[in-house]
Amino acid sequence: MQLDLPSPIAAYLAAHGRRSDGVADLFAQDAVVKDEGHSYVGVAAISRWLTESSAKYDFTV
């Protein structure tokens with residue numbers, strides 16, 4: 001099934017699905033991700049969050 005997603009979300013899911021190191025590059029330098037009661041501020045923190053959450057969880061779209 002093909003989903004009609006906004007291009008930023010489609011790019012994130014495609015990169016995340018490949019476990020690409022470039023996923024964090026999709027975020028602005030001052031981006032904030034809120035997940036599981038924590039805030040991750042900036043690309044370095046978001047990159048760590050992505051690595052750690054990818055090791056613990058898998059997603060289905």
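Just so you know, these numbers use all the heavy atoms, side chains as well, and skip hydrogens, waters and symmetry mates.
Among all heavy-atom pairs drawn from Val43 and Phe27, the shortest one is CG2-O, 3.8 Å. The two residues Leu13 and Leu5 have their closest heavy-atom pair at CD1-CD1, 3.6 Å. Contact detail for Trp49 and Asp35: the closest heavy-atom pair is NE1-OD2, 2.9 Å.
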query: Run the side chain to side chain contact (heavy atoms under 4.5 Å, CB included) check on Leu50 and Tyr12 step by step: do they pass?
result: CA-CA 11 Å; Leu50 286 167; Tyr12 170 83; 3.5 Å; yes
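No chain of hydrophobic side-chain contacts below 4.5 Å, direct or via other Ile, Leu, Val, Met, Phe, Trp or Tyr residues, connects Leu26 to Val32.
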